[in-house]
K.L.:
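The structure that follows is given in the form of structure tokens.
Numbering of residues begins at 1 and proceeds along the displayed sequence.
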Amino acid sequence: GNNEQYYLLHAWKDTFNSSLLDKKLLLTSLDMSLNAGHGAVLFKNQPLIIDSFGYALSAVKYGNGKDWWLLISKRQSNCFFRVLIDSNGVNVMPTMTCGGPEFLLDDLEASCFSPDGNKFVHIAYQSGSTIFDSDRCSGQLSNPLYLPLPILAQEGWGAIGVAISSNNRFLYVSLTNQVYQFDLSDADILGSIDTVGIYDNTYEPFATLFGSIQNGPDGKIYIGCGN
């Protein structure tokens with residue numbers, strides 16, 4: 001590959017001129033060696049997928065340590081689009097990988113891979129979280145384990161984000177008012193649930209609810225604020 005060239009992939013939806021289902025995954029290519037080192041756009045907003053896909057895009061390094069897989073959920077199904085990013089460019093695979101519960105049409109979503117790439121977790125706002133085994137060579141998911149989150153039975157709260165610890169052992173799930181921890185090494189993952197964060201009713205000036213989660217380059221996990 002070229003260390004000066006980058007791909008930017010982003011989801012886009014025309015809320016005025018398309019149906020509730022239609023979205024686009026768009027590709028832009030940048031070359032930072034051009035324009036005296038300031039970079040230039042090679043091409044912009046090239047459609048890769050035009051379909052009913054969700055909000056969660058997650059990438060993991062291919063088994064060869066060089067290329068990448070990108071997974072995106074397809075709405076009203078239990079499948080994920082597979083996108084391979086390698087020296088030949090960015091290509092959508094002809095088949096999807098499927099498993100776990102169906103994703104609802106209007107559900108907010110989040111997903112993540114474990115740092116070692118062997119686990120993939122998808123969460124849906126209204127239903128709960130599903131843990132998969134991940135094959136980094138094929139981009140396929142297997143052995144789905146569904147985690148119903150008890151707090152979702154309470155009206156007004158929903159799942160927001162997921163992240164896995166740097167040692168690949170602990171799964172963290174953020175809800176609007178609580179943060180849960182699961183031990184992925186436990187034979188009973190659901191039974192290992194531990195509440196590690198509870199919203200304290202702080203307003204600054206709005207409710208400081210838990211938001212999405214991201215792994216930082218320092219090995220720590222960061223949780224955003226909904227307001």
Side-chain angles (χ1 to χ4, degrees), residues 6-13 23 25-28 30 53-62 65 67-73 80-83 85 90 100 103 107-134 136 139 141 144-145 147 149 151-152 157-185 189 192-200 202 204 206-227:
Y6 296 85
Y7 292 123
L8 172 66
L9 294 96
H10 71 282
W12 178 86
K13 175 174 173 56
K23 293 178 70 175
L25 179 68
L26 302 177
L27 172 65
T28 296
L30 310 170
F53 59 87
Y55 295 91
L57 286 72
S58 291
V60 65
K61 189 162 283 189
Y62 193 95
D67 306 325
W68 291 85
W69 285 109
L70 178 72
L71 295 188
I72 312 167
S73 62
F80 296 84
F81 293 100
R82 298 181 301 135
V83 181
I85 305 167
V90 182
F103 316 132
D107 227 348
L108 296 176
E109 303 169 63
S111 63
C112 75
F113 284 94
S114 59
D116 63 8
N118 292 326
K119 295 289 184 182
F120 175 79
V121 182
H122 175 268
I123 193 169
Y125 186 86
Q126 301 179 63
S127 55
S129 184
T130 306
I131 303 171
F132 298 86
D133 291 333
S134 168
R136 295 191 298 122
L141 304 176
L145 174 63
L147 300 180
L149 302 177
I151 195 68
L152 294 183
W157 306 116
I160 296 294
V162 288
I164 296 176
S165 61
S166 58
N167 64 0
N168 304 292
R169 177 175 177 180
F170 296 105
L171 166 66
Y172 294 91
V173 178
S174 66
L175 282 71
T176 41
N177 67 330
Q178 294 196 23
V179 179
Y180 289 141
Q181 174 187 277
F182 296 90
D183 189 344
L184 297 177
S185 69
I189 295 177
S192 72
I193 187 171
D194 186 16
T195 303
V196 296
I198 300 176
Y199 169 55
D200 61 3
T202 297
E204 290 288 347
F206 303 106
T208 55
L209 301 171
F210 296 114
S212 58
I213 313 179
Q214 289 289 336
N215 292 78
D218 56 2
K220 297 179 180 180
I221 292 176
Y222 293 85
I223 304 178
C225 180
N227 284 301

K.L.:
Show your working on side chain to side chain contact (heavy atoms under 4.5 Å, CB included) between I85 and L9 and close with a plain yes or no.
P.N.:
CA-CA 11 Å; I85 305 167; L9 294 96; 4.2 Å; yes
K.L.:
What residues form a side chain to side chain donor-acceptor pair (under 3.5 Å) with S129, not counting sequence neighbours?
P.N.:
none
K.L.:
Counting only N and O atoms by type, is there a donor-acceptor contact under 3.5 Å from the side chain of S134 to the main-chain atoms of G117?
P.N.:
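Present.
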K.L.:
Answer yes or no: is there a side-chain heavy-atom contact under 4.5 Å between L25 and L57?
P.N.:
yes
K.L.:
Would you check if I189 and L171 make a side-chain contact, meaning some heavy-atom pair closer than 4.5 Å?
P.N.:
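Counting from C-beta outward, I189 and L171 never come under 4.5 Å.
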K.L.:
May I ask you to decide if I164's main-chain N or O and N215's side chain share a donor-acceptor pair within less than 3.5 Å?
P.N.:
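Yes: the side chain of N215 pairs with the backbone of I164.
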K.L.:
Can you give me the closest heavy-atom contact between P115 and S166, atom names plus distance?
P.N.:
CG-CA, 3.9 Å
K.L.:
Once you measure the plane-to-plane angle for F113 and F120, does it fall in the parallel (<30°), tilted (30-60°) or perpendicular (>60°) bin?
P.N.:
tilted
K.L.:
Whether the side chain of T130 engages the backbone of H122 through a donor-acceptor N/O pair (distance < 3.5 Å, no angle test) should be reported.
P.N.:
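Judged by distance alone, no pair lies under 3.5 Å.
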K.L.:
Any donor and acceptor pair, going by atom type alone, linking the side chain of W69 with main-chain N or O of R82 inside 3.5 Å?
P.N.:
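Here the side-chain-to-backbone pair does not exist.
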K.L.:
Side-chain contact test, heavy atoms from C-beta onward, threshold under 4.5 Å: evaluate it for V173 versus L147 and give yes or no.
P.N.:
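No, every pair of side-chain atoms sits at 4.5 Å or beyond.
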K.L.:
Could you tell me the separation between the OG1 atom of T195 and the CD atom of Q181, rounded to the nearest 0.5 Å?
P.N.:
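The distance works out to 10.0 Å.
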K.L.:
Can you check whether Y199 reaches T176 side chain to side chain, under 4.5 Å on heavy atoms?
P.N.:
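Counting from C-beta outward, Y199 and T176 never come under 4.5 Å.
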K.L.:
Please check: side-chain N/O of N168 versus main-chain N/O of D116, any donor-acceptor pairing under 3.5 Å?
P.N.:
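Yes; at least one donor-acceptor contact below 3.5 Å.
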K.L.:
Taking the side chain from T208 and the backbone from T202, do they hold a donor-acceptor pair closer than 3.5 Å?
P.N.:
yes
K.L.:
Kindly compute the distance separating CD (Q178) from CD1 (I198), expressed to the nearest 0.5 Å.
P.N.:
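These two atoms lie 5.5 Å from each other.
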K.L.:
Under a 4.5 Å cut-off applied to non-hydrogen side-chain atoms, are D133 and K119 in contact?
P.N.:
yes
K.L.:
Nearest 0.5 Å, please: how far is CD1 in I123 from CG in L175?
P.N.:
6.0 Å
K.L.:
Measure the acute angle between the ring planes of Y172 and F170, then classify it against the limits of 30° and 60° as parallel, tilted or perpendicular.
P.N.:
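Y172 vs F170 ring planes: tilted.
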K.L.:
Is any side-chain heavy atom of I213 closer than 4.5 Å to a side-chain heavy atom of Y222?
P.N.:
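Not touching, per the 4.5 Å side-chain cut-off.
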K.L.:
Can you name the closest pair of heavy atoms from C112 and S58 and give their distance?
P.N.:
N-OG, 3.5 Å
